[in-house]
Each structure stands twice: as structure tokens, then as C-alpha cells.
> 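Sending over a structure as C-alpha cells; questions will come in a sec.
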Amino acid sequence: MGRRILNEALRSIVNAERRGKATVELQPISTVMSSFLNLMKYRGYIKNFQVYDPHRVGRITVELQGRVNDCRALTYRQDLKARDIDGFVTRTLPTRQWGYVVITTPDGVLDHEEALRRNVGGQVLGYFH
């Protein structure tokens, strides 16, 4: 159920980007979703996001920037060792120049570059480029 929530939220971000919208509202929310959006904001793919009432059903308003080409959550969380991250990235992303694979690790939710830097593996959440 939680994986579907993340996937539907990311697909609505992509659809809003393609339609040229400035903002999109996501509902329901999860903590993994806010961590994923935090990575997207840090990497410059979205401007900002605001979380409203996180203890109930809640909603997130995302300010779009127009940089997201594709953004998906994997409905199956694949285990990934630190030494296998490079191979997975080359299979998943279109090029090495842009895009990030998001991984849940014992250190938190990280993108593939930070996971390689820390030499830590985990489960693949999804990707964006």
C-alpha cells in the first residue's frame, strides 16, 4: 500500500510537469515521500514543498520547476549492495550525466551518489531524472 502511495504521487508530479502546472497537491502522504521530495529539492528538480497536517491524512503542496522528465517509484523494493549500485544505475537511468536513483539505507534515504560515497547499500525506492 505504501509503495503505491509513493508511485501515484510521483506520477502526478510528472503529469503536472508535462501539463506545465506551477504546483501540484499530493494526498495521502508518507514520511518516505517527504524524504524523496527532500532529495529532489536538494538536487534542484523542484523548488519547494510544504507539508500540511502530517499526523492525519495530510497533504503536500509541491512547487514545480520544470526539470522533471521522469520520476518513478519501484513497486518492488529491490535489495542492492554497495558494490552493485553502479551497475543498477547504468541499467536504470538513461545517461550518466543526469538523474538519481533513490535508496533507503541504514543511514536514511539517500541518492546513489551519496550511498556510493558512504559505501552503504539498501533497498531501491525509485528514481528521477
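All residue numbers refer to positions in the sequence shown, counting from 1.
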> Shared ILVMFWY cluster between Tyr100 and Leu116, side chains joined below 4.5 angstrom?
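No, it is not one cluster - the side chains of Tyr100 and Leu116 are not joined through contacts under 4.5 Å.
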> Could you walk me through whether Leu110 and Val120 pass the side chain to side chain contact (heavy atoms under 4.5 Å, CB included) test, one step at a time?
CA-CA 10 Å; Leu110 305 173; Val120 65; 4.1 Å; yes
> Following the transitive rule for hydrophobic clusters with a side-chain heavy-atom cut-off under 4.5 Å over Ile, Leu, Val, Met, Phe, Trp and Tyr, establish whether Tyr127 and Leu125 coincide in one cluster.
no
> I would like to know whether Phe88 and Val124 meet side chain to side chain contact (heavy atoms under 4.5 Å, CB included); could you show each step before the answer?
CA-CA 10 Å; Phe88 185 82; Val124 178; 3.7 Å; yes
> For Glu114, check salt bridge (Lys or Arg N to Asp or Glu O under 4.0 Å) against everything at least two apart and list the hits.
Arg117, Arg118
> Side chain to side chain contact (heavy atoms under 4.5 Å, CB included) for Ile46 and Glu63? Distances and angles first, verdict last.
CA-CA 6 Å; Ile46 60 174; Glu63 295 176 33; over 6 Å; no
> With sequence neighbours excluded, give me every ring pair (Phe, Tyr, Trp, His ring centres under 6.0 Å) pair touching residues 9-39.
Phe36-Phe128
> When rounded to the nearest 0.5 angstrom, what distance separates CD1 in Ile5 from CD in Gln27?
11.0 Å
> Ignoring hydrogens and geometry, is there a side-chain-to-backbone donor-acceptor pair from Arg59 to Glu25 under 3.5 Å?
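Between the backbone of Glu25 and the side chain of Arg59 there is no qualifying donor-acceptor contact (under 3.5 Å).
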> Atom CD1 of Ile13 and atom CD1 of Ile60: how far apart are they, to the nearest 0.5 Å?
8.5 Å
> Answer whether the closest heavy-atom distance between the side chains of Met40 and Phe49 falls below 4.5 Å.
no
> So, for Leu6 and Met33, which heavy atoms are closest and what is the spacing to 0.1 Å?
CD1-CA, 3.8 Å
> Could I get the full list of side chain to side chain contact (heavy atoms under 4.5 Å, CB included) partners for Ser35, not counting sequence neighbours?
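Side chain to side chain contact (heavy atoms under 4.5 Å, CB included) list for Ser35, sorted by chain: Val109.
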> What are the two closest heavy atoms between Gly121 and Pro106, and how far apart are they?
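Nearest heavy atoms, Gly121 then Pro106: O-CD, 3.6 Å.
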> Rounded to the nearest 0.5 Å, what separates atom CG in Asp84 from atom CZ in Arg91?
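If we round to the nearest 0.5 Å, Asp84:CG and Arg91:CZ are 8.0 Å apart.
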> When rounded to the nearest 0.5 angstrom, what is the spacing between CD in Gln50 and OG in Ser34?
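It comes to 12.5 Å.
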> With clusters defined by side-chain heavy atoms of hydrophobic residues (ILVMFWY) lying less than 4.5 Å apart, directly or transitively, does Leu39 cluster with Leu93?
no
> Check whether Asn15 reaches the backbone of Arg11 with its side chain - one donor and one acceptor, N or O, closer than 3.5 Å.
yes
> Please name the pair of heavy atoms, one in Ala16 and one in Leu64, separated by the smallest distance, quoted to 0.1 Å.
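Reported closest heavy-atom pair: CB-CD1, 3.7 Å.
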> Check for a donor-acceptor pair, side chain of Thr104 on one end and backbone N or O of Gln123 on the other, with a separation under 3.5 Å.
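Yes.
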> So, for Asn119 and Ala82, which heavy atoms are closest and what is the spacing to 0.1 Å?
OD1-CB, 3.4 Å
> Taking the side chain as every heavy atom from C-beta outward, state whether Leu26 and Leu37 have any pair of such atoms under 4.5 Å apart.
yes
> Checking side-chain contact (heavy atoms from CB on, under 4.5 Å) between His112 and each of Ile85, Thr92, Asp86, which is the one that passes?
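The single option meeting the side-chain contact (heavy atoms from CB on, under 4.5 Å) with His112 is Ile85.
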> Where is the tightest heavy-atom contact between Val57 and Ile29, given as atom of each residue plus distance?
O-CG1, 3.6 Å
> Determine, step by step, whether Tyr45 and Trp98 satisfy the side chain to side chain contact (heavy atoms under 4.5 Å, CB included) criterion, reporting the C-alpha distance in whole Å, the side-chain angles of both residues, the deciding distance to 0.1 Å, and the verdict.
CA-CA 11 Å; Tyr45 281 81; Trp98 70 83; 4.0 Å; yes
> Please report the closest heavy-atom contact between Leu10 and Arg72, naming both atoms and the distance.
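Closest approach of Leu10 to Arg72, heavy atoms only: CD1-C, 3.8 Å.
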